[in-house]
2 protein chains.
Amino acid sequence: MASATKKRPTINDVAHLAGVSIKTVSRVFNDEPNVRPATRDRVVDAAGELGYRPNLSARRLAANRTFVIGMLYDNPKAPDYVADVQYGALRVCRTRGYDLLIHPCDAQSPTLVDEILDLHHRATVDGLVVLQPVSDQRKLNQALLDQGIVSVRVSQRPFAGLPRISVCDQEAADEMTEHLIELGHRRIGFIMGHPDHGSSHDRLAGYTSALERHGIAYDGALVEHGLYDYESGYACAGRLLALSPRPSAIFASNDHMAMATLTAAHELRLEIPRDLSVAGFDDTSFAGFSWPPLTTVRQPVVEVAQLATELLLDRLQDRAEDTSDHRLRAEIVYRASTGKTSEIA
Amino acid sequence: MASATKKRPTINDVAHLAGVSIKTVSRVFNDEPNVRPATRDRVVDAAGELGYRPNLSARRLAANRTFVIGMLYDNPKAPDYVADVQYGALRVCRTRGYDLLIHPCDAQSPTLVDEILDLHHRATVDGLVVLQPVSDQRKLNQALLDQGIVSVRVSQRPFAGLPRISVCDQEAADEMTEHLIELGHRRIGFIMGHPDHGSSHDRLAGYTSALERHGIAYDGALVEHGLYDYESGYACAGRLLALSPRPSAIFASNDHMAMATLTAAHELRLEIPRDLSVAGFDDTSFAGFSWPPLTTVRQPVVEVAQLATELLLDRLQDRAEDTSDHRLRAEIVYRASTGKTSEIA
DNA sequence: CTGAAAGCGCTTACAG
DNA sequence: CTGAAAGCGCTTACAG
């Protein structure tokens with residue numbers, strides 16, 4: 001019986017009841033200064049009595065802002081990543097009174113730029129958090145910059161003019177490689193990720209820098225080129241395990257390819273980590289569920305999203321230029337898939 | 001140099017240039033009838049020339065609709081499910097000119113009802129798709145019904161007055177159990193899911209109905225109570241594998257618990273499926289990556305979300321009452337973790 | 001098939 | 001510290 005056709009109270013109703021102007025009600029609801037405490041109380045009481053809620057649509061039209069930010073991404077195969085990123089962005093949005101509009105898209109789409117500009121021009125979002133690999137589309141970045149659309153990039157590659165957040169992938173990959181070296185491994189296979197992703201190159205660089213520092217010669221035969229998916233990882237692992245002598249450890253550039261390596265090894269009846277150490281990257285939700293549980297790198301994905309969102313909202317408030325560059329550290333998660341080599345030196 | 005302070009063209013600018021009234025421009029952009037083709041063309045041309053895009057905020061205020069629907073859920077541990085559901089909802093939203101606002105929440109929060117009503121009262125969303133287990137909160141459902149907030153539930157439990165979509169979990173669990181029976185298994189362990197989820201009970205019901213039909217006595221010792229997470233699954237599997245005689249197959253109510261069962265079995269040096277068949281439920285992204293790959297049940301999650309969104313948008317258009325109930329079938333995905341029993345009868 | 005008027009419920013820019 | 005006026009850019013409800 002409730003609702004029916006009872007009209008929602010407006011700012012006018014509250015102003016009447018409180019005996020003030022609508023401007024004063026507006027001040028109270030926007031936490032603006034210059035309202036006497038007693039006046040404020042009367043407004044709050046009146047609003048409470050009427051069950052008043054400011055109408056967002058009206059606020060948006062009058063203020064010419066939407067109080068919504070958009071999140072652009074193209075990660076059909078990485079639900080864990082997307083979930084973490086949404087979580088981080090949402091946390092910040094909620095404390096600051098913004099809503100989040102998710103906008104998965106096809107990074108390769110020829111109409112991507114128009115699609116995104118339209119999103120902004122129709123007053124759907126005030127600004128954008130752009131995740132990799134979309135954030136590496138130069139055309140899009142240039143359009144965002146030209147149109148003055150406030151946005152923050154999450155990317156392993158720089159783009160002048162737009163603020164950016166990245167993860168220290170190279171350092172983490174270096175550290176993981178060092179971990180394997182310290183366990184006694186010398187023939188360490190490496191499975192690279194998709195060549196279009198900046199992270200692939202960073203992770204390879206970390207692998208090579210660690211080898212070099214420890215005086216281990218780089219051997220191209222030990223480096224396979226995958227695409228970050230299970231299938232390519234499985235093929236790469238198969239080739240590495242067919243090498244003679246076989247590597248005693250394999251470092252895959254992400255967990256999917258590490259899982260594939262585990263399977264390839266199991267099929268050869270290798271025991272892990274006795275016969276082969278396997279390391280991954282990303283610490284996806286299933287990394288702790290494999291047999292054995294995977295040693296991998298945990299990226300601060302939630303933190304990255306939080307920071308990106310904070311930077312975006314900061315810019316949205318004080319329209320200051322921001323071309324800052326932030327780097328967050330990743331950490332290694334030691335599990336049971338890596339261990340001392342049993343090789344006879 | 002672009003943007004600068006150049007004002008965005010409005011409906012008035014287009015009307016002027018085309019030599020028509022703003023009402024006619026409005027008609028064209030809303031695909032309303034009663035516009036002569038020639039007039040329509042002039043409007044389209046004028047809009048194109050000016051780069052006009054209707055301002056959503058104005059449209060929302062005038063039409064008293066937001067063209068946004070909200071998606072409510074509480075699945076911190078199920079990124080795969082959430083990703084699929086978002087994907088399905090977004091597909092429908094895009095073809096019908098709506099945006100999607102995600103609203104993860106805590107189903108147990110005492111302020112949940114207020115939070116959701118506020119979302120609607122502030123004119124943030126026109127309606128809601130509510131996913132389980134949030135959709136099983138009676139207080140929330142009652143509030144949605146009382147307030148006349150258009151919403152569609154995805155749930156394994158009915159609630160009079162609100163349309164609902166469910167998956168035939170019981171049938172699928174029955175079918176999976178039958179699959180195991182046909183492989184020769186007689187002592188089949190079952191790991192139940194979280195007791196607060198309707199699906200847990202449906203899946204158990206499917207297990208028992210298949211046993212009964214095949215004349216296998218129900219044995220309470222073979223049924224363990226988990227919570228849908230890895231840890232509880234591991235504990236349950238441990239207890240089942242300690243039974244004497246050991247079950248020759250274990251059917252876990254979801255993939256996380258099935259993965260845990262795989263690990264528990266590996267630790268006992270059991271070979272799968274030779275010594276033990278293991279089946280899961282959900283076909284999560286990693287189900288194909290385990291060792292061995294998991295036989296499981298694929299739920300039509302994307303389809304569920306699409307249907308829910310379609311029903312919601314239909315109701316939003318022709319305010320008709322809708323208390324329909326839809327059931328979608330799940331299918332078994334046969335992989336390598338289940339096989340013929342090697343038991344000596 | 002087309003349009004003039006009113007209004008949606010706020011904020012902005014001022015004035016005092 | 002407070003308010004009156006104008007306006008944001010559309011749609012609604014009519015009239016013709």
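Atoms considered below: every heavy atom in the structure, side chains included; atoms not considered: hydrogens, waters and symmetry mates. None of these values were measured; they are calculated from a predicted model. A note on names: the letters A, B, ... follow the listed sequences, proteins ahead of strands, and every chain is numbered from 1.
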Partners of A:Q142 by side chain to side chain donor-acceptor pair (under 3.5 Å), sequence neighbours excluded?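 Partners of A:Q142 by the side chain to side chain donor-acceptor pair (under 3.5 Å) criterion, ordered by chain and then number, come out as A:D146.
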Among all residues two or more places apart in sequence or in another chain, which pass the side chain to side chain donor-acceptor pair (under 3.5 Å) test with B:H326? B:S324
Just to verify, what does B:F29 make a ring-ring contact (aromatic ring centres under 6.0 Å, His included) with, not counting sequence neighbours?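 Checked B:F29 against ring-ring contact (aromatic ring centres under 6.0 Å, His included); matches are B:Y52.
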Checking side-chain contact (heavy atoms from CB on, under 4.5 Å) against B:V113, which of B:L117, B:T111, B:I116 comes through? B:L117
So, does A:N55 get its side chain near the phosphate of C:dC8, meaning an N or O under 4.0 Å from OP1 or OP2?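 Answer is no, no contact under 4.0 Å.
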Between A:S21 and D:dG3, is there a side-chain N or O to OP1/OP2 distance below 4.0 Å?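 Looking at the OP1 and OP2 atoms of D:dG3, one of them is under 4.0 Å from a side-chain N or O of A:S21.
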With sequence neighbours excluded, give me every ring-ring contact (aromatic ring centres under 6.0 Å, His included) pair touching residues 115-156 of chain B.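 Sorted result for residues 115-156 of chain B: empty, none.
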Under 4.0 Å, heavy atoms only, any strand: does [X] hit a base, just the sugar-phosphate, or nothing?
X     : answer
B:N12 : nothing
A:P54 : sugar-phosphate
B:N34 : base
A:I22 : base

Expressed in angstrom and rounded to an integer, what is the separation of [X] atom [atom1] from [N] atom [atom2]?
X      : N      : atom1 : atom2 : value
A:R122 : D:dC10 : CZ    : P     : 10 Å
B:L61  : C:dA6  : CG    : P     : 18 Å
A:F29  : C:dG9  : CZ    : P     : 15 Å
B:H16  : D:dC10 : NE2   : P     : 14 Å
A:I11  : D:dA4  : CD1   : P     : 13 Å
A:L56  : D:dG9  : CG    : P     : 18 Å

Please tabulate, for the side chains in residues 88-104 of chain B, all donor-acceptor contacts under 3.5 angstrom to protein atoms that are two or more places apart in sequence or on a different chain.
{"residue": "B:R91", "atom": "NE", "partner": "B:Q306", "partner atom": "OE1", "Å": "3.4"}
{"residue": "B:R94", "atom": "NH1", "partner": "A:P104", "partner atom": "O", "Å": "3.2"}
{"residue": "B:R94", "atom": "NH2", "partner": "A:P104", "partner atom": "O", "Å": "2.8"}
{"residue": "B:T95", "atom": "OG1", "partner": "B:V92", "partner atom": "O", "Å": "3.0"}
{"residue": "B:R96", "atom": "NH1", "partner": "B:D314", "partner atom": "OD1", "Å": "3.1"}
{"residue": "B:R96", "atom": "NH2", "partner": "B:D314", "partner atom": "OD1", "Å": "2.9"}
{"residue": "B:R96", "atom": "NH2", "partner": "B:Q317", "partner atom": "OE1", "Å": "3.4"}
{"residue": "B:Y98", "atom": "OH", "partner": "B:R65", "partner atom": "NH1", "Å": "3.2"}
{"residue": "B:H103", "atom": "NE2", "partner": "B:E115", "partner atom": "OE2", "Å": "2.8"}

DNA chain D contacts made by residues 38-52 of chain B, counting heavy atoms under 4.0 Å: B:Y52
Give the nucleotide from the list [options] with an atom nearest to the side chain of [X].
X     : options              : answer
A:R36 : C:dT2, D:dT2, D:dT11 : D:dT2
A:A58 : C:dG9, D:dT11, C:dC1 : C:dG9
A:V20 : C:dG3, D:dG3, D:dC10 : D:dG3

Pairs satisfying salt bridge (charged side-chain N to carboxylate O under 4.0 Å, His left out), at least one member in residues 154-165 of chain A, at least two apart: A:R164-A:D325
Check whether any side-chain N or O of A:D84 sits under 3.5 Å from a backbone N or O of A:Y81 as a donor-acceptor pair, and report yes or no.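 Looks like no, no N/O pair under 3.5 Å.
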Report yes or no: does A:Q156 contribute a side-chain atom to a donor-acceptor pair with the main-chain N or O of A:V167 at less than 3.5 Å? yes
Provide the full list of side chain to side chain donor-acceptor pair (under 3.5 Å) pairs with a residue in residues 127-140 of chain B, sequence neighbours left out, each pair given once. B:D136-B:R153, B:D136-B:S155
Give me each pair satisfying side chain to side chain donor-acceptor pair (under 3.5 Å) with a member in residues 54-63 of chain A, each pair once, sequence neighbours excluded. A:N30-A:R59
Look for any protein N or O under 3.5 Å of an N or O in nucleotides 12-15 of chain D and output each such pair with its distance, or none.
none

Write out the stems for DNA chain D, ordered by first number and formatted as range with range, counting runs of at least 3 consecutive Watson-Crick or G-U wobble pairs under 3.5 Å.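 The stems that DNA chain D takes part in, listed by first number, are C:1-3 with D:14-16, C:5-12 with D:5-12, C:14-16 with D:1-3.
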Expected list for residues 32-51 of chain B: side-chain donor-acceptor pairs under 3.5 angstrom, two or more places apart:
{"residue": "B:R40", "atom": "NH2", "partner": "B:E32", "partner atom": "O", "Å": "3.4"}
{"residue": "B:R42", "atom": "NH1", "partner": "B:A18", "partner atom": "O", "Å": "2.8"}

